[in-house]
*Asks:* 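Mind looking over this structure? Questions follow.
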Amino acid sequence: MKPTDITENQQSSNENKTEETIRLEKLTKLKNQTKHPFKYTFSKTHKTTDIHENFNTLETGESNETTVTLAGRLMAKRNHGKAFFGNLQDEFGIIQLYANSNKLGEETFNDILSYDVGDIIGIVGNPFKTKRGELTIKVTNIELLTKSLLPLPEKYHGLQNIELRYRHRYIDLISNPHIKETFKIRSKSISFIRNYLEKKEFMEVETPVLHNIYGGANAKPFNTFHNELEQNLYLRIALELHLKRLIVGGFEKVFEIGRVFRNEGISYKHNPEYTLLELYEAYTDYHDMMNLTEELLSALVFNIHNSYKIVYKDTEIDFTPPFKRIKLVEEIQNKCNIDCNNINELRNKAKELNLNVSNEATKGHLIMELYDSLIEPTLIQPTFIIDHPWETSPLAKKHRENDNLVERFELIINGMEIANAFSELNDPEDQFDRFQDQLKAKEKGMEDSQVMDLDYIQALKQGLPPTGGLGIGIDRIVMLLTNSHSIRDVLLFPHMRDKNE
RNA sequence: GAUCCGGUAGCUCAGCUGGUAGAGCAACUGCCUUUUAAGCCGUGGGUCGUGGGUUCGAGCCCCACCCGGAUCACCA
């Protein structure tokens with residue numbers, strides 16, 4: 001479209017003109033005046049926060065002669081005839097701007113008046129404090145860096161509509177700058193974890209996202225297809241099996257922080273794609289993993305909050321190590337007063353609680369059902385729940401003292417599973433049998449059962465040293481650290497159902 | 001998947017027992033040289049989520065559907 005097309009109807013009337021149309025007309029005018037409305041660079045000397053830090057000591061009415069340049073988004077305009085006040089927002093904060101016609105000259109002053117809330121501008125000026133004591137930049141020069149064509153949400157309430165906040169996160173970030181804090185904490189947490197593990201000589205690796213065979217967890221995968229190879233592929237549901245292949249290969253400490261994809265329900269704690277930390281360390285077992293988890297998470301919490309205690313939903317959660325450790329089966333026995341070796345007692349208890357259990361459910365499945373409904377939701381403070389039934393843990397090694405159990409733990413906080421770890425099963429024959437059991441379960445309709453991975457079996461035959469493995473849900477940890485009550489609040493772009501607009 | 005709540009101007013929200021669709025902010029005219037949710041005068045702006053139905057008449061009542069939220073279920 002030629003710019004003139006837009007200006008043709010330019011009249012003083014605003015009938016039926018949307019705000020976008022009005023701004024487009026301004027844009028065209030600028031282009032016609034060869035005032036380029038989309039600049040290439042701007043060099044700034046200060047952030048808004050620098051101004052507050054460096055010049056806050058000014059007396060009311062006092063000026064400082066230092067010339068400063070800043071850039072950001074114009075968030076509010078207050079015109080007073082020949083004077084102008086505005087708010088400039090950058091990534092870090094807000095600073096007030098002041099300009100007057102005398103000092104700036106009429107042309108530049110009129111330029112300022114023509115700017116819209118939302119425009120990106122660069123300014124030159126010097127700091128002073130107004131009569132009312134607000135630190136402000138007296139503008140000596142100003143230029144438009146990017147014209148914004150769409151209005152922003154209401155200045156006082158910001159964008160409140162949850163759906164719009166998720167669908168248009170960029171508006172949310174502009175309009176509700178405090179939510180940036182959540183994502184800064186997320187970034188800082190991941191960075192902390194990475195540094196922490198590197199200090200312990202873990203090596204960060206990257207393994208494939210596209211899998212021929214999905215594995216490492218009980219979950220439904222997303223399917224995709226490689227056109228050239230004419231091959232069905234899956235998006236990974238876990239990092240596990242490839243990382244353990246690397247331990248076979250001789251790396252002794254590896255980790256990956258990666259996105260995994262699970263084709264399942266969405267809830268306040270489930271998003272179809274989420275970020276998982278998995279690490280594996282040769283010559284260790286799940287006890288070592290428990291110590292590592294405790295140490296890592298408490299250090300992380302302390303790093304972010306300068307305390308081991310955080311508040312989540314009005315409840316104080318205390319990450320001071322050591323965390324509580326509870327044996328899963330013992331806990332069920334105590335709580336239900338039943339014999340966990342007796343499948344009938346388990347089944348009756350499950351029925352009594354109206355849990356829908358299939359006829360194929362084993363003792364292990366029943367125990368886990370009871371655990372999920374009776375125990376997990378009650379664990380608010382960080383708690384290791386340990387030694388799971390073997391049937392529901394096909395990649396974990398049998399417990400050294402009890403054949404019915406595996407050496408596994410989950411870390412539960414606020415009723416959410418945060419971490420999952422085990423002494424990795426490294427007996428290829430046992431692993432093969434477990435995969436067979438999974439296949440049988442799948443045939444019986446347990447959709448999420450794992451599939452046979454013969455290459456992984458081959459890797460185990462080559463020899464996997466005794467290894468401890470750990471997975472931590474990054475999103476859920478960030479939920480706790482930021483007091484976010486939905487996983488969508490810690491994802492910049494949470495998955496939303498398609499909406500025809 | 002079930003139940004409940006919500007979807008009205010760009011944004012935040014009112015809208016009673018069914019009777020011509022409202023406010024604030026934002027926008028547009030004008031005034032205003034230290035305001036700050038600036039102020040004052042005036043103006044424009046609506047497919048009331050979508051589609052049916054009931055009714056003389058529907059934002060409001062009924063049905064179906066779409067999107068979101070909460071709770072529950074699912075996620076062995």
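It should be emphasised that the depicted structure is a prediction, and the values quoted were computed from it without experimental measurement. Keep in mind that the numbers below use all heavy atoms, side chains included, and drop hydrogens, waters and symmetry copies. So that the names make sense, note that chain A is the first sequence line, chain B the second, and so on, each numbered from 1.
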*Asks:* Under 4.0 Å between any heavy atoms, over every strand shown, what does A/Asn218 touch: base, sugar-phosphate, or nothing? Just pick one.
*Replies:*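 Base: the residue A/Asn218, judged by heavy atoms under 4.0 Å, touches a nucleobase.
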*Asks:* With sequence neighbours excluded, what pairs up with A/Phe409 under the ring pair (Phe, Tyr, Trp, His ring centres under 6.0 Å) test?
*Replies:*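 Testing A/Phe409 for ring pair (Phe, Tyr, Trp, His ring centres under 6.0 Å), a comparison that skips the adjacent residues, returns A/Phe384.
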*Asks:* Would you mind classifying the nucleic acid contact of A/Glu417 as base, sugar-phosphate or nothing, using non-hydrogen atoms under 4.0 angstrom?
*Replies:*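 Result for A/Glu417 = nothing.
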*Asks:* Does NZ belonging to A/Lys269 count more than 12 external heavy atoms closer than 6.0 Å?
*Replies:*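 Yes, because the 6.0 Å sphere around NZ of A/Lys269 holds more than 12 heavy atoms from other groups.
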*Asks:* Within this structure, what is the CE-to-P distance between A/Met75 and B/A26, rounded to whole angstrom?
*Replies:*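 Going from A/Met75 (CE) to B/A26 (P), I get 13 Å.
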*Asks:* For the side chain of A/His270 and the base of B/C75, is some donor closer than 3.5 Å to an acceptor across the two?
*Replies:*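 Flag set: donor-acceptor pair detected.
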*Asks:* Do A/Glu134 side-chain and B/U35 base share a donor-acceptor contact under 3.5 Å?
*Replies:*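 In this structure, the two groups form no donor-acceptor pair.
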*Asks:* Look at all strands and tell whether A/Tyr166 reaches a base, only sugar-phosphate, or nothing, counting heavy atoms closer than 4.0 Å.
*Replies:*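 Result for A/Tyr166 = sugar-phosphate.
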*Asks:* Categorize A/Glu264 for me: base, sugar-phosphate, or nothing, with a 4.0 angstrom heavy-atom threshold over every strand shown.
*Replies:*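 Counting heavy atoms under 4.0 Å across all strands, the contact made by A/Glu264 is with sugar-phosphate only.
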*Asks:* State whether the distance check finds a donor on one side and an acceptor on the other, under 3.5 Å, for side chain A/Ser101 versus base B/U33.
*Replies:*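 By the distance-only test, no, there is no pair.
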*Asks:* Looking at A/Arg132, I'd like to know whether one of its side-chain N or O atoms comes within less than 4.0 Å of OP1 or OP2 on B/U35.
*Replies:*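 Indeed, a polar side-chain atom of A/Arg132 lies that close.
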*Asks:* So, A/Lys398 and A/Asp427, do they make that salt bridge, N to O below 4.0 Å?
*Replies:*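 Salt bridge absent between A/Lys398 and A/Asp427.
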*Asks:* With a cut-off of less than 4.0 Å, is there a side-chain N or O of A/Arg262 near OP1 or OP2 of B/C75?
*Replies:*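 The answer is no; no side-chain N or O of A/Arg262 sits under 4.0 Å from OP1 or OP2.
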*Asks:* Identify whether any heavy atom of A/Asn79 sits under 4.0 Å from a base atom; if not, whether one sits that close to sugar-phosphate; answer base, sugar-phosphate or nothing.
*Replies:*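 Here A/Asn79 touches the bases of the nucleic acid.
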*Asks:* According to the Watson-Crick and G-U wobble definitions, with both distances under 3.5 Å, which nucleotide is paired to B/C61?
*Replies:*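 When the pairing criteria are applied, B/G53 turns out to be the nucleotide that pairs with B/C61.
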*Asks:* What is the pairing partner of B/A2, taking Watson-Crick or G-U wobble pairs with both distances under 3.5 Å in any strand?
*Replies:*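 The base-pairing partner of B/A2, which may sit in any strand shown, is B/U71.
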*Asks:* Scan A/Arg23 against the nucleic acid and name what it touches under 4.0 Å (heavy atoms): base, sugar-phosphate only, or nothing.
*Replies:*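 Counting heavy atoms under 4.0 Å across all strands, no contact is made by A/Arg23.
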*Asks:* Is it true that A/Lys35 and A/Glu107 have a side-chain N and a carboxylate O under 4.0 angstrom from each other?
*Replies:*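 Yes, charged N to carboxylate O under 4.0 Å.
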*Asks:* If only side-chain N and O atoms of A/Lys77 are considered, is one of them under 4.0 Å from the OP1 or OP2 phosphate oxygen of B/A37?
*Replies:*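 No, no such contact exists.
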*Asks:* Indicate, with a heavy-atom threshold strictly under 4.0 Å, whether A/Gly158 touches base, sugar-phosphate, or nothing.
*Replies:*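 Counting heavy atoms under 4.0 Å across all strands, the contact made by A/Gly158 is with sugar-phosphate only.
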*Asks:* Salt bridge check, A/Lys349 against A/Glu352: does any charged N sit closer than 4.0 Å to a carboxylate O?
*Replies:*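 A salt bridge is present here (some side-chain N lies under 4.0 Å from a carboxylate O).
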*Asks:* For a quick check of understanding: with a heavy-atom distance under 4.0 Å over all strands, which category does A/Arg497 fall into, base, sugar-phosphate or nothing?
*Replies:*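 Sugar-phosphate contact only - A/Arg497 comes under 4.0 Å of backbone atoms but never of a base.
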*Asks:* Which whole-number value in Å describes the distance from A/Leu149 CG to B/A27 P?
*Replies:*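 It works out to 15 Å between those atoms.
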*Asks:* Atom CD of A/Glu25 to atom P of B/C28: distance rounded to whole Å?
*Replies:*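 My rounded result for the distance is 11 Å.
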*Asks:* A/Tyr98 has an atom OH; how far is it from atom P of B/U34, in whole Å?
*Replies:*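 Nearest whole value for this atom pair: 6 Å.
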